Amino acid sequence: MLRRWAQRAFPSIAAGLPSQCAVCRAWPAQPICDACVARFAPPTPRCMTCALPVPPGVSRCGACTSDPPPLDACHAACAYAWPWPERIAEFKFRGNAGLASPLATLLRSAPWIEAAIEQADIVLPMPLTAIRMRERGFNQAYELAKRLAPNTANPGILLRTRDAPAQSGLTRAERLTNLRGMFALEPLRAAAVRNRRVVLVDDVMTTGASVFTAAEVLRRGGASHITAIVLARTDLPA
């Protein structure tokens with residue numbers, strides 16, 4: 001019990017102390033300083049439904065035009081490129097919960113994300129399996145979601161039924177087929193998404209297959225509008 005209390009309390013205490021930027025090591029600074037956000041996470045034109053980079057003035061990439069994903073909108077705060085993979089790994093795999101707040105701030109500062117959060121009826125983190133939860137001790141997507149939307153974030157509605165199988169070498173359509181049945185709505189709470197505006201939160205989006213599969217489940221559950229927001233997006237199409 002004491003350990004759980006310490007895990008919850010320490011990030012709050014640490015947030016009030018002088019800190020060093022995790023990227024440029026400036027001192028004293030925010031855990032991720034404004035200069036590094038401006039330099040390494042500049043606003044970038046992205047496809048409105050998969051968040052891949054697009055030329056200025058283009059709203060949707062060719063893949064989403066020919067085969068629209070089950071999302072109404074998709075936003076990414078930055079590219080999955082240096083220095084963000086290391087910071088995300090430190091947060092996600094090495095248990096540095098103190099990075100949850102600055103990474104959520106990075107997310108919130110990206111264009112359109114603030115509006116998506118404010119308009120949402122419910123904010124759902126991409127879920128982990130029970131095995132992954134035991135390994136990591138927390139769901140990184142939920143840590144971001146509850147800082148973005150403390151009153152509407154809910155981790156108990158969208159469930160993950162199994163781990164993702166190997167996806168390498170598959171097309172996007174094949175990946176989506178491979179992931180079928182990986183997500184489900186909690187039966188006693190499924191009505192919570194019906195006729196609601198839903199925001200899905202995740203840390204990293206690579207091919208988009210997992211997010212799209214989860215969005216399909218929400219769409220079948222009756223969600224009226226689905227937006228995905230991710231911290232980092234790989235910038236090469238699947």
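All values derive from a computational prediction rather than experimental measurement.
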- Should R87 and V23 be marked as a side-chain contact (heavy atoms from CB on, under 4.5 Å) after you check the CA-CA gap, both sets of side-chain angles, and the distance that decides it? CA-CA 8 Å; R87 302 288 74 75; V23 178; 4.0 Å; yes

- Message: Evaluate L231 against V204 for side-chain contact (heavy atoms from CB on, under 4.5 Å), listing each step before the verdict.
- Response: CA-CA 6 Å; L231 179 61; V204 177; over 6 Å; no

- Item | Intermediate values then yes/no, side-chain contact (heavy atoms from CB on, under 4.5 Å), F138 and M133 | CA-CA 6 Å; F138 65 95; M133 278 291 292; 5.5 Å; no

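In this structure, L148 CG and E143 CD are separated by 11.5 Å, a value rounded to the nearest 0.5 Å. Considering CZ of R108 and CD of E118, their distance stands at 7.0 Å, rounded to 0.5 Å. Summarising the geometry, atom CG belonging to N151 is positioned 12.5 Å from atom CD1 belonging to I122; distances are rounded to the nearest 0.5 Å. C33 contributes atom SG, which lies 11.0 Å from atom CZ of R25 (distance to the nearest 0.5 angstrom). Here the straight-line distance linking atom CE of M48 with atom OG1 of T227 works out to 9.0 Å at 0.5 Å rounding. Put simply, CG on D72 and CD1 on I226 are 6.5 Å apart, with the number rounded to the nearest 0.5 Å.
Of the possible donor and acceptor atoms, one in the side chain of T44 sits under 3.5 Å from a partner among the backbone N and O of P42. Judged by distance alone, with hydrogens and angles left aside, the side-chain atoms of T49 form no donor-acceptor pair with the main-chain N or O of C64 at under 3.5 Å. With hydrogens and angles disregarded, a donor-acceptor distance shorter than 3.5 Å links the side chain of D121 to the backbone of R197. At least one donor-acceptor pair closer than 3.5 Å links the side chain of R233 to the backbone N or O of T206. With hydrogens and angles disregarded, a donor-acceptor distance shorter than 3.5 Å links the side chain of S224 to the backbone of R196.
With contacts defined as side-chain heavy-atom distances shorter than 4.5 Å, the pair V217/R220 qualifies. Using a 4.5 Å heavy-atom cutoff, the side chains of D203 and Y80 are not in contact. Annotation: side chain of S210 is in contact with side chain of M126 (closest heavy-atom distance under 4.5 Å). Side-chain atoms of P127 and L159, non-hydrogen and from C-beta on, never get closer than 4.5 Å to each other. Using a 4.5 Å cut-off on side-chain heavy atoms (C-beta onward), V123 and N154 make no contact. R46 has its side chain within reach of D235: a pair of non-hydrogen atoms, C-beta onward, lies under 4.5 Å apart. Counting only heavy atoms from C-beta outward, the side chains of H225 and L71 never approach each other to under 4.5 Å. Counting heavy atoms from C-beta outward, R60 and V54 have side chains that stay 4.5 Å or more apart.
Linking Ile, Leu, Val, Met, Phe, Trp and Tyr whenever their side-chain heavy atoms come within less than 4.5 Å leaves V198 and L188 in two separate clusters. Hydrophobic cluster membership is shared by L144 and L106, with clusters built from Ile, Leu, Val, Met, Phe, Trp and Tyr side chains linked at under 4.5 angstrom. F93 and I131 are not part of a single hydrophobic cluster, where members link through side-chain heavy atoms under 4.5 Å apart. The cluster map of Ile, Leu, Val, Met, Phe, Trp and Tyr, joined by side-chain heavy atoms under 4.5 Å apart, puts L128 and I88 in different clusters. Note on L200 and I229: separate hydrophobic clusters, where clusters join Ile, Leu, Val, Met, Phe, Trp and Tyr whose side-chain heavy atoms are under 4.5 Å apart, directly or indirectly.
Listed here is the closest heavy atom pair of C24 and C21: N-SG, 3.5 Å. C50 and M205 make their closest contact through O-CE, 3.6 Å (heavy atoms, listed as atom of the first residue, atom of the second, distance). Of all heavy-atom pairs between I157 and A192, the closest is CD1-CB, 3.7 Å. In plain terms, the two heavy atoms of A76 and A51 that are nearest each other are CB-CB, 4.0 Å. When every heavy atom of W84 is checked against every heavy atom of C36, the shortest pair comes out as CZ2-O, 4.2 Å. Shortest non-hydrogen contact noted between C78 and F40 is CB-O, 4.4 Å.
In this structure, a donor-acceptor pair under 3.5 Å is absent between the side chains of N139 and R132. A donor-acceptor pair shorter than 3.5 Å can be found between the side chains of R147 and S101.
Taking the six-membered ring for Trp and the full ring otherwise, F212 and F183 have centroids separated by 6.0 Å or more.
Relative ring orientation between W112 and H75 is described as parallel, the plane-to-plane angle staying below 30° on a 0-90° scale split at 30° and 60°.
Residue-environment remark: CZ (R136) exceeds the threshold of 12 foreign heavy atoms within 6.0 Å.
Using a cut-off of 4.0 Å between Lys/Arg side-chain N and Asp/Glu carboxylate O, E86 and R94 are scored as salt-bridged. A salt bridge does not link D34 to R39: none of the charged side-chain nitrogens sits closer than 4.0 Å to a carboxylate oxygen.
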